[in-house]
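Beneath this line is the structure, given in structure tokens, with notes to follow.
Just so we're clear, the structure is a prediction, and the values are computed from it rather than from any experiment. Throughout, residue positions are numbered sequentially from 1 according to the sequence presented.
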Amino acid sequence: MGWLPIAGVVVLWAGAAAAEVGMRALAFTDPADGGMTRAVVWYPTNAPETPVRRGPFTFQVAEGGPVAEGRHPLVVVSHGSGGSAFGHADTAMALARRGYVVAAVHHRGNAFDDDRDAGTERMWRKRPAQLSATLDHLLAEPELADRLDGERVGALGFSAGGYTVLVAAGGVAELGRIAAHCRTPPAGERFCHLGNEETQARVEARDPRIRAAVLMAPVGVPFSRDGLAGVTIPIRLYRAERDEQIAASQVEDLRDRLPVPPEYEVVRDAGHFAFLMPVPAAIAAEVGPPAWDPPGFDRTAFHERLNAEIADFFDRALAIERQGR
């Protein structure tokens, strides 16, 4: 595991994290086609929490409460193909309790309720644009903008969301590499079942506001060494040891091609969906494969560690020093 020296002055995080977590939904224009897309935002607040139901999940949050005083670092989240803005809610809430504002984009056209773009060039091209549009909207939203530190922005991506974050971090994706990979995919890898349109398009959409990134079981095959030359921000990279969707080689090759060695961890016995929010046993059948883990793997215990690691990484990478630490 490598660590990246962070240039610049370390600043003291002046505001203590609020005890409660607020949540609100935002809607804004999708830059891809002018339709409406949305994001869910979690943040520190002093308003009281109450149970809020969303689909099969119940969250203990202060829905619509005001953002706590101060200027807060920001993390944008990109879910996996066919996923949801709520897929990493526990991680978002853990970050909010540490003083972060966290915005998860709901990738219109590649989400559980609208997956018409899956495996197409449109999907790979739209995702980074939607991520940056979410950041644009947050930094202009009247009730949020004055509470955000636009100089301290991180990004977190899972699976296809890892691809999304890499493009926003300066990577150039060569989509022809996906089809080539899927002609002779690694044994047992389900990634190619997504379907992959034959195209030689390149996707380049760097967002210089993003200063650090966490990648969890990312899609790595679209990126050559040259395509990753512009990715120089601090990165923490996770691979699931028993990943049934993304072959180990995709993540390992990505690790080796990055110009600055990332922090890297292989999560023992974890399947691909281990990075998603733990699902109560009572609704696991309703949720399906994203709720299932290999025998013996404790997703809840893993997330207690994962969420702390992610918060610690962003604190270091975004140069945030907290009182008493």
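Here D293 does not pair with R242 in a salt bridge; the nearest charged N to carboxylate O distance is not below 4.0 Å. Salt bridge R97/E20: absent, no basic N to carboxylate O contact under 4.0 Å. Ion pairing between R305 and E265 holds under the 4.0 Å rule for side-chain N and carboxylate O. A salt bridge between D253 and R177 is absent, with no side-chain N of the basic residue lying under 4.0 Å from a carboxylate O of the acidic one.
Without hydrogens or angle criteria, E244 side chain to G271 main chain gives no donor-acceptor distance under 3.5 Å. T29 places no side-chain N or O within donor-acceptor distance of the main-chain N or O of G34, the cut-off being under 3.5 Å. H303 places a side-chain N or O within 3.5 Å of a backbone atom of L276 that can act as its donor or acceptor partner. A donor-acceptor distance shorter than 3.5 angstrom exists from the side chain of E241 to the backbone of D269, with no hydrogens or angles considered. Looking at Q200, its side chain never comes within 3.5 Å of a backbone N or O of G176 through a donor-acceptor pair. D114 contributes a side-chain N or O that, together with a main-chain N or O of G109, makes up a donor-acceptor pair within less than 3.5 Å. R24 contributes a side-chain N or O that, together with a main-chain N or O of G65, makes up a donor-acceptor pair within less than 3.5 Å. For the pair R299 (side chain) and F273 (backbone), a donor-acceptor distance under 3.5 Å is present. In this structure, the side chain of R53 engages the main chain of G55 through a donor-acceptor pair within 3.5 Å.
Separation of the Y43 and H72 ring centroids does not fall under the 6.0 Å cut-off. Side-chain rings of H107 and H79 approach one another, their centers coming within less than 6.0 Å.
When every heavy atom of A96 is checked against every heavy atom of V102, the shortest pair comes out as N-CG2, 4.4 Å. Here the closest heavy-atom approach between residue A85 and residue A104 is recorded as O-CB, 3.3 Å. Between F297 and A274 the shortest heavy-atom distance is CE2-CB, 3.6 Å. Between W42 and A89 the shortest heavy-atom distance is CZ2-CB, 3.7 Å. Residues L138 and L148 share a closest heavy-atom pair of O-CD1, 3.6 Å. Closest of all the heavy-atom pairs between V41 and A103 is CG2-CB, 4.1 Å.
For the atom pair CZ (R152) and CZ (R71), the distance works out to 10.0 Å, reported to the nearest 0.5 Å. Atom CD of E141 sits about 13.0 Å away from atom CZ of R147, to the nearest 0.5 Å. Taking CD1 of I246 as the reference point, atom CG of L254 lies at 11.0 Å (rounded to 0.5 Å). Atom CE in M23 sits 8.0 Å away from atom CE in M93 (nearest 0.5 Å).
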Handout entry: Residue pair E143, V67: steps toward the side chain to side chain contact (heavy atoms under 4.5 Å, CB included) verdict
Key = CA-CA 8 Å; E143 294 185 27; V67 183; over 6 Å; no
Handout entry: Chi angles and distances behind the side chain to side chain contact (heavy atoms under 4.5 Å, CB included) call for R54, V61
Key = CA-CA 12 Å; R54 289 292 183 273; V61 293; over 6 Å; no
Exercise for the section: Report the C-alpha distance between E189 and Q250 in whole Å, list the side-chain angles of each, state the deciding distance to 0.1 Å, and finish with yes or no for side chain to side chain contact (heavy atoms under 4.5 Å, CB included). Expected result: CA-CA 10 Å; E189 184 187 59; Q250 282 212 49; 2.9 Å; yes
Exercise for the section: Output, in order, the C-alpha distance, side-chain angles, deciding distance and verdict of side-chain hydrogen bond (donor to acceptor under 3.5 Å, both in side chains) for Y100 and D315. Expected result: CA-CA 10 Å; Y100 287 82; D315 279 0; 2.7 Å; yes
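Between the side chains of E174 and S224, at least one donor N or O sits under 3.5 Å from an acceptor N or O.
In this pair, H88 and F158 present their aromatic rings perpendicular. The plane angle is above 60°, beyond the 30 to 60° band. Between H106 and F112, the ring planes are perpendicular. Angles over 60° get that label, and only those under 30° would be called parallel. Ring pair F223/Y163 is tilted by interplanar angle, where 30° to 60° counts as tilted. Ring geometry for F59 versus F86: interplanar angle under 30°, hence parallel rather than tilted (30 to 60°).
Residue R108 is tested with D115, D113, D117, D33 for a salt bridge (charged side-chain N to carboxylate O under 4.0 Å, His left out); the sole match is D33. When the options V214, I233, I235 are evaluated for a side chain to side chain contact (heavy atoms under 4.5 Å, CB included) with P262, the one that passes is I235.
Note on V172: it does not cluster hydrophobically with I210, by side-chain heavy-atom contacts below 4.5 Å among ILVMFWY residues.
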